[in-house]
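Reading through the structure tokens given below for one structure.
Throughout, protein chains are lettered first and strands after them, A, B, ... in sequence-line order, and every chain is numbered starting at 1.
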2 protein chains.
Amino acid sequence: MAASSSASPATLHDVARDAGVSLATASRSLNGSTRKVNEDYRQRVLAAAARLNYSPNFSAQAVAKGSTSTVALLVSDIADPYFSSIAAGVIRAAEAQGLIVTMAVTERSTERELELVRALRGQRPRVMILTGSRSDGSTSQAALIAELTAFARTGGRVVLISQEGLPFGTVVVDNYLGARALANSLVAAGYRRFAAVCGERALVTSRDRLAGFADGLAEHGIAIHPDHVVRGEFTRDGGFEAAAALIAGGLDQVELVFAVSDVMAIGAMSALREAGIDVPGDIAVAGFDDIDTARDVTPALTTVNIPLADLGRRAVELALSDATDVTDVTDQVIRVETRVILRASSPPR
Amino acid sequence: MAASSSASPATLHDVARDAGVSLATASRSLNGSTRKVNEDYRQRVLAAAARLNYSPNFSAQAVAKGSTSTVALLVSDIADPYFSSIAAGVIRAAEAQGLIVTMAVTERSTERELELVRALRGQRPRVMILTGSRSDGSTSQAALIAELTAFARTGGRVVLISQEGLPFGTVVVDNYLGARALANSLVAAGYRRFAAVCGERALVTSRDRLAGFADGLAEHGIAIHPDHVVRGEFTRDGGFEAAAALIAGGLDQVELVFAVSDVMAIGAMSALREAGIDVPGDIAVAGFDDIDTARDVTPALTTVNIPLADLGRRAVELALSDATDVTDVTDQVIRVETRVILRASSPPR
DNA sequence: TTCCGCGCGGAATGCGCTTGCCCGCGGGCG
DNA sequence: CGCCCGCGGGCAAGCGCATTCCGCGCGGAA
């Protein structure tokens with residue numbers, strides 16, 4: 001006692017000595033290998049481990065067996081409910097398999113994403129899950145793919161969430177179809193004049209949703225006036241600012257504002273409220289994602305449901321499923337369904 | 001090419017051979033040790049590394065130098081904005097120091113928390129950050145402390161967020177004072193009759209906030225009727241149900257419902273709304289935490305601000321600050337300030 | 001010209017652990 | 001009664017890397 005300051009952790013060697021057995025036996029007792037070990041010995045080892053408060057060194061184990069049991073997860077912004085829900089799904093599924101999750105945040109920068117992938121590769125994770133919308137036209141895109149490919153070729157599994165077309169396992173949301181269905185529902189509810197709050201032009205997700213929505217409207221001969229399509233960051237504040245711009249530009253007869261994500265929709269609602277515009281009295285709003293808070297804002301937000309936690313869960317399942325030591329089953333695609341949810345923010349007209 | 005399937009990653013050895021230098025030189029070139037290495041050689045090594053797409057094996061590095069550069073973070077529920085904001089702060093601060101964050105989720109179970117701490121110890125993280133309210137009276141509490149102590153004694157740093165009294169570095173929020181200040185502000189705003197929506201009795205955070213609030217009211221000779229203190233899970237749904245119970249029990253002349261957390265407050269607001277009770281027309285609401293969505297609900301939620309991301313940031317700073325190889329500077333306490341934020345959910349009466 | 005010291009590359013050691021392999025022992029079968 | 005086989009303990013060889021120490025070569029001082 002007392003000497004306290006910073007001893008080093010007990011090693012397997014210590015345990016073995018304390019139990020009076022060999023290293024091999026200690027190792028085999030503690031994580032049951034294929035080999036059996038005499039129950040007496042096993043108990044002795046377990047007791048010694050407990051006595052010494054032994055905790056196996058994962059790094060050493062990883063080095064020795066040449067594989068880890070970690071999952072690396074890359075998200076744009078963990079404070080964003082969209083990502084945190086997905087992360088929750090990933091973590092839950094991973095922990096169920098005894099895997100540990102390491103997480104990194106790109107802050108929506110593709111350069112940073114590349115850096116992080118490079119860094120995470122050093123962990124030799126079993127699985128690497130990337131989420132967040134791809135931006136095409138990014139210069140680091142090619143480098144990213146190269147890095148991921150290198151990782152995959154050395155036995156790593158890559159799964160992308162919500163971004164199609166890359167040669168890896170993928171869990172996608174049908175943004176286009178979901179948005180189109182939403183548009184149809186809204187037209188059926190009596191809306192005719194729309195505005196849209198979008199993310200930056202390069203963001204595939206934003207673009208797909210806008211396209212789906214526009215096409216849905218087009219089926220009914222309705223178009224969104226170009227002036228009524230505004231853009232901002234793919235965040236709550238981006239939605240706020242875009243909506244503010246929209247208001248400043250004059251919303252004419254706009255009846256409903258479609259925001260390409262719930263967080264943007266919520267920002268937009270705040271902007272409308274601040275401008276003294278009543279939602280849904282003066283103008284209706286709809287979003288996309290069905291994040292938890294969508295039902296808690298007032299009026300509750302009409303949106304398109306995505307089973308977010310499921311996205312995460314299925315991503316790890318997809319990653320782990322591959323017993324198939326494959327050439328290119330690697331680019332499997334799981335498509336999850338969306339569902340239009342009409343709430344008070346878009347009452348029937 | 002083509003052979004594709006699962007080669008093993010390039011090792012430092014490969015790089016050294018490819019560059020025609022020794023292992024030592026390669027190592028020194030790639031992560032600049034104290035020793036200098038001839039610029040020519042260095043370039044050769046760098047080139048070889050790039051050519052082979054080399055990525056250093058962190059596990060091996062960890063084993064070799066006997067220390068890792070990871071931070072382990074334990075939260076109750078990553079989808080809860082309270083925790084995800086803290087996590088965001090932790091991750092940002094950790095990444096700024098070149099540390100990798102591994103995350104685990106306790107799902108509010110103390111047994112699970114213990115298991116996870118045990119597991120995470122195997123990672124030999126530099127720092128372990130636990131967040132989430134302590135529940136006293138838990139049987140695993142002692143075992144948890146033992147585990148953490150063992151970890152700390154072997155050189156690990158433990159930091160607790162928002163839970164006082166344990167012999168480790170701690171970042172605390174003054175829940176009591178914050179709630180008391182809130183009570184004072186609300187009384188000043190003209191409120192006199194209160195109800196409270198709380199978490200389970202054992203949750204220290206919930207208890208402190210309720211106590212502070214009650215004492216704040218007591219300063220003005222006001223008390224909360226025991227029937228008007230309801231309990232539920234420390235979640236959005238818990239708040240919803242507790243408020244529903246409150247409503248069912250009859251709210252008499254209650255003017256304001258204080259929920260001990262914003263998520264519970266938001267649940268409570270939903271319950272009130274569903275019961276046809278107008279907020280704040282019929283009844284006002286206040287919460288605690290100032291999560292992002294507090295300002296986006298309607299009416300915007302009166303609450304007590306906690307700089308959540310800062311909590312995370314300061315936790316890692318505290319953990320890393322200790323150059324002091326100490327006996328028990330380890331139980332340092334950083335106290336962060338709270339700030340009452342009055343919003344539309346509690347207009348002056 | 002000789003010697004010493006310094007700068008820097010390389011061989012070797014070790015980190016904590018897993019696992020292939022050898023070997024001793026006991027039991028079943030011929 | 002002897003042989004063979006299988007069970008299971010232990011030895012030791014790594015896993016990929018950092019780091020210590022050794023030694024070589026070169027430059028400057030005497």
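- One finds the OH atom of B/Tyr41 at 10.5 Å from the OG atom of B/Ser29 (value rounded to the nearest 0.5 Å).
- In this structure, B/Leu23 places its CG atom 14 Å from P of C/dG9, rounding to the nearest Å.
- A donor-acceptor contact under 3.5 Å is formed by the side chain of A/Arg28 with the base of D/dG10.
- The distance from atom CG of B/Leu30 to atom C1' of D/dA18 is 12 Å, rounded to the nearest whole Å.
- For C/dG10, one of the phosphate oxygens OP1 or OP2 lies less than 4.0 angstrom from a side-chain nitrogen or oxygen of B/Thr25.
- Applying the side chain to side chain contact (heavy atoms under 4.5 Å, CB included) test between B/Leu73 and each of B/Ile161, B/Thr102, B/Ile129 identifies B/Ile129 as the sole match.
- Counting only N and O atoms by type, the side chains of A/Arg124 and B/Ser55 include a donor and acceptor under 3.5 Å apart.
- Here B/Thr11 does not reach the OP1 or OP2 of D/dG16: none of its side-chain N or O atoms lies under 4.0 Å away.
- For the 3.5 Å distance criterion, the side chains of B/Ser109 and B/Thr106 fail to qualify, holding no donor opposite an acceptor.
- Applying the side chain to side chain donor-acceptor pair (under 3.5 Å) rule to pairs touching residues 82-91 of chain A yields nothing, sequence neighbours excluded.
- Using a cutoff of 4.0 Å between basic side-chain nitrogens and carboxylate oxygens, A/Glu317 and A/Arg314 are not scored as salt-bridged.
- To the nearest angstrom, C1' of C/dG9 lies 17 Å from CD of B/Gln43.
- Closest to the side chain of A/Val21, from the set D/dG9, D/dG10, C/dG9, is D/dG10.
- With axes fitted over five pairs at each extremity, the angle between the ends of the helix from C/dT1-D/dA30 to C/dG30-D/dC1 is 50° (10° resolution).
- Remark: P of C/dG9 and CZ of B/Arg42 are 12 Å apart, rounded to the nearest angstrom.
- Between the side chain of B/Asp14 and the main chain of B/Thr11, a donor-acceptor pair closer than 3.5 Å is present.
- What separates CG of A/Leu12 from C1' of C/dC15 is a distance of 13 Å, to the nearest Å.
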Solution key, residues 86-97 of chain A side-chain donor-acceptor pairs under 3.5 Å, sequence neighbours excluded:
{"residue": "A/Arg92", "atom": "NH2", "partner": "B/Glu107", "partner atom": "OE2", "Å": "3.1"}
{"residue": "A/Glu95", "atom": "OE1", "partner": "B/Arg112", "partner atom": "NH2", "Å": "2.3"}
{"residue": "A/Glu95", "atom": "OE2", "partner": "B/Val105", "partner atom": "N", "Å": "3.2"}

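- Side-chain contact check for B/Arg44 and B/Asn38: no donor-acceptor pair (N or O, by modelled atom type) lies under 3.5 Å.
- If you take CZ on B/Phe83 and CE on B/Met103, they are separated by 11.0 Å, rounding to the nearest 0.5 Å.
- With respect to A/Glu113 and A/Arg118, no salt bridge is recorded, no charged nitrogen being found less than 4.0 Å from a carboxylate O.
- Both B/Val37 and A/Asn31 lie close to DNA chain C; mapped to their nearest nucleotides by heavy-atom distance, the more 5′-ward contact belongs to B/Val37.
- Between B/Arg17 atom CZ and C/dA11 atom P the separation is 14 Å, expressed in whole Å.
- Applying the salt bridge (charged side-chain N to carboxylate O under 4.0 Å, His left out) definition to pairs two or more places apart or across chains, those involving residues 45-56 of chain A are A/Asp18-A/Arg51.
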I'd like a table of atom pairs between the protein and nucleotides 22-27 of chain C - only N or O on both sides, under 3.5 Å - with the distance next to each one.
none

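- Of the listed nucleotides (D/dA18, D/dG14, D/dG9), D/dG9 has the atom at the smallest distance from the side chain of A/Tyr41.
- Atom pair A/Lys65:NZ and C/dG16:P shows a separation of 18 Å (rounding to whole Å applied).
- In this structure, CG of B/Asp40 is placed 14 Å from C1' of C/dG9, rounded to the nearest angstrom.
- Contacts of residues 47-63 of chain B with DNA chain C (heavy atom under 4.0 Å): B/Val63.
- Base engagement by B/Ser27 is indicated by at least one non-hydrogen atom pair under 4.0 Å involving a base atom.
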